[in-house]
Amino acid sequence: NLVLENDQCDAATKTCPDAAENTNDIKLLLYDVNPPEGFNLRRDVYMRFAIMLAEAQKDGKKENWRLVLPPWYNLFHWKSRVVKHEPMSWSYFFQVDALKSYAPVLEFNETFSQFTGNAIEIDVLYVLQNYKKLFEDGDYDDKWETTEDCYYDGEFWGYNNVTVKETVCVHYQGKISMLWELVALHPSAKTIMFSNGEIPLHTSYGTKVYWDCRKSMKFSKRLLDIADEYIKKELSCNKVKCDSYMAVHWRRQDFARSRGKDVPSPEQTAAQINKLLYEKRMDITGVFLATDATAEEIKKLKAALSRHSHEVKMFSPNHKDAMQLREGDYAVIDQIICSRAVYFIGTHESTFSFRIQEEREILGFPKETTFNRLCPDSGDCEKPARWTIVN
Ligand SMILES: C[C@@H]1O[C@H](OP(=O)(O)OP(=O)(O)OC[C@H]2O[C@@H](n3cnc4c(=O)[nH]c(N)nc43)[C@H](O)[C@@H]2O)[C@@H](O)[C@H](O)[C@@H]1O
């Protein structure tokens, strides 16, 4: 049994910072994501839901709805079992106050302390599924229909005090704002959950609304401080926008297996970095490498790069930080460091690289230093799309 706590609430007065005026009127919206999806794809799914609520409330509607932040639990890419099986709150990675400044969100634990008591009973769980013939026959219309069968593994982020009264299976294709139509099927339901939250699409990808939400996803101070210290000490930079190092995100593992033709081998990756350093003649002291590659692959890459005078650096924490850091932290720190480099080159269509590009747009780097990708060993190398900021 997991212990449910909320350190933001005052135990004596039983109040929390976000307490609504009349908690009886509050309705909760929960969502979950297909288990194999990674951290940065999940960040995008969060934005779709946050925008769905924030936009509805702008119109003065749905004001009693709150979005419950799904704990980080059992992530496919986090290999350490201990970390996998411990649900982590969003405050671990993000500044939740900043999220709240954009959308009406609640940490999972806050829902217990404020609204639901010791357990959550979900009135309706909508299990979303793609249409079997997705986008076939050129049929891109937004649509949904309820169906007979569906499957949900019911993990509920490791909490065994979450139960469901009614399950509804739905085929879904289209924008996320259409989910309100499903919500309207059960007007008296106070707690609604959607599984497979990655299926509904952005209503406003790349617009000002998108960027306003994106800007509110600030990493936690704890992680920013660790990255900052590393950048100062190891990469000789004291500014937010550095000019002393370039950065590479080289995605491997399952990505290289499923999209092998988009991701270069260690030798070709090294050749591309060498070529770039030669051509651009950047006045830098080092190359920062963010990667999930195996030790063997990294060794090969470093050997092929060592012919060049620039030093290759990877994040390694001091002893004190190392004791406290978990896998998800390393990934976020890698992203922060990449986002501040004078030049960035990422992996084609990796959401890990996309989120770095967005951060660089927010920081205001020249576009040509941001929208760059590693090319495959052979074949075409299309330039990445420039999803530029809208202020
Ligand atoms: C193949 C697909 O790839 C998609 O991944 P993609 O967009 O790159 O990016 P993410 O959704 O973040 O998932 C990749 C995960 O791999 C680890 N990882 C990747 N690159 C690095 C790195 O440079 N440094 C560190 N420390 N960790 C890294 C990290 O845990 C990250 O969240 C997934 O979202 C999909 O679900 C699917 O797995």
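Quick caveat: nothing in here was measured; it's all calculated off a predicted structure. Remember, it's 1-based here, ligands and their atoms both numbered in the order they're listed.
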Among Thr291, Asp44, Asp254, Leu75, the residue with a heavy atom nearest to atom 22 (C) of ligand 1 is Thr291

Find all atoms of ligand 1 within a distance of less than 4.0 Å from any non-hydrogen atom belonging to Ser258, and give their numbers and elements.
1 (C)

Record the part of Pro36 in heavy-atom contact with ligand 1 below 4.0 Å; permitted values are side chain, backbone, both and neither.
backbone

Checking a contact table here: which protein heavy atom is nearest atom 6 (P) of ligand 1, and how many Å away?
Thr351 OG1, 3.4 Å

Cationic N near anionic O, under 4.0 Å, Glu110 to Lys100
yes

Tell me whether Glu55 is salt-bridged to Lys58, with the criterion being a basic N under 4.0 Å from an acidic carboxylate O.
yes

Region of Glu327 engaging ligand 1 - heavy atom pairs below 4.0 Å
neither

Minimum distance, heavy atoms only, to atom 20 (N) of ligand 1: which one of Arg42, His77, His249 is it?
His249

Students often mix this up, so state it plainly: with edges at 30° and 60°, are the rings of Phe39 and Phe93 parallel, tilted or perpendicular?
perpendicular

Atom 31 (C) of ligand 1: closest protein heavy atom, distance to 0.1 Å, is Phe352 CD1, 4.0 Å

Atom 32 (O) of ligand 1 - nearest protein heavy atom and its distance:
Phe39 CB, 3.4 Å

Measure the acute angle between the ring planes of Trp387 and Tyr205, then classify it against the limits of 30° and 60° as parallel, tilted or perpendicular.
perpendicular

Between Lys165 and Asp123, does any NZ, NE, NH1 or NH2 come within less than 4.0 Å of an OD or OE carboxylate oxygen?
yes

Any N or O on Gly38 sitting closer than 3.5 Å to an N or O of ligand 1?
yes

Test the Lys79-Phe76 pair against the cation-pi criterion, namely NZ or CZ under 6.0 angstrom from the six-membered ring centroid and within 45° of the ring axis.
yes

Looking only at side chains, do Arg66 and Thr111 share a donor and an acceptor under 3.5 Å apart?
no

Can you label the angle between the Phe288 ring and the Tyr230 ring as parallel, tilted or perpendicular, going by 30° and 60°?
perpendicular

In the protein, what heavy atom is nearest to atom 18 (N) of ligand 1, and what distance, to one decimal place, separates them?
Asp292 CB, 3.7 Å

among protein heavy atoms, the one nearest atom 12 (O) of ligand 1 is Asn40 ND2, 2.7 Å

Heavy-atom distances under 4.0 Å are what count here, so tell me which part of Glu37 touches ligand 1: side chain, backbone, both or neither.
both

Does ligand 1 have a heavy atom under 4.0 Å from the side chain of Ser350, from its backbone, from both, or from neither?
both

Per-atom filter on ligand 1: closer than 4.0 angstrom to a heavy atom of Ala331 are 25 (C), 26 (N), 27 (N), 29 (C)

Name the closest protein heavy atom to atom 19 (C) of ligand 1, giving the residue it belongs to and the distance to 0.1 Å.
Arg251 CD, 3.5 Å

Out of Val33, Val332, Asn34, Asp334, indicate the one that has the non-hydrogen atom closest to atom 26 (N) of ligand 1.
Asp334

Answer yes or no: is there an ion pair linking Lys300 with Glu297, defined by an N-O contact shorter than 4.0 Å?
no

Glu198 with Arg42: basic N within carboxylate O range, under 4.0 Å:
no

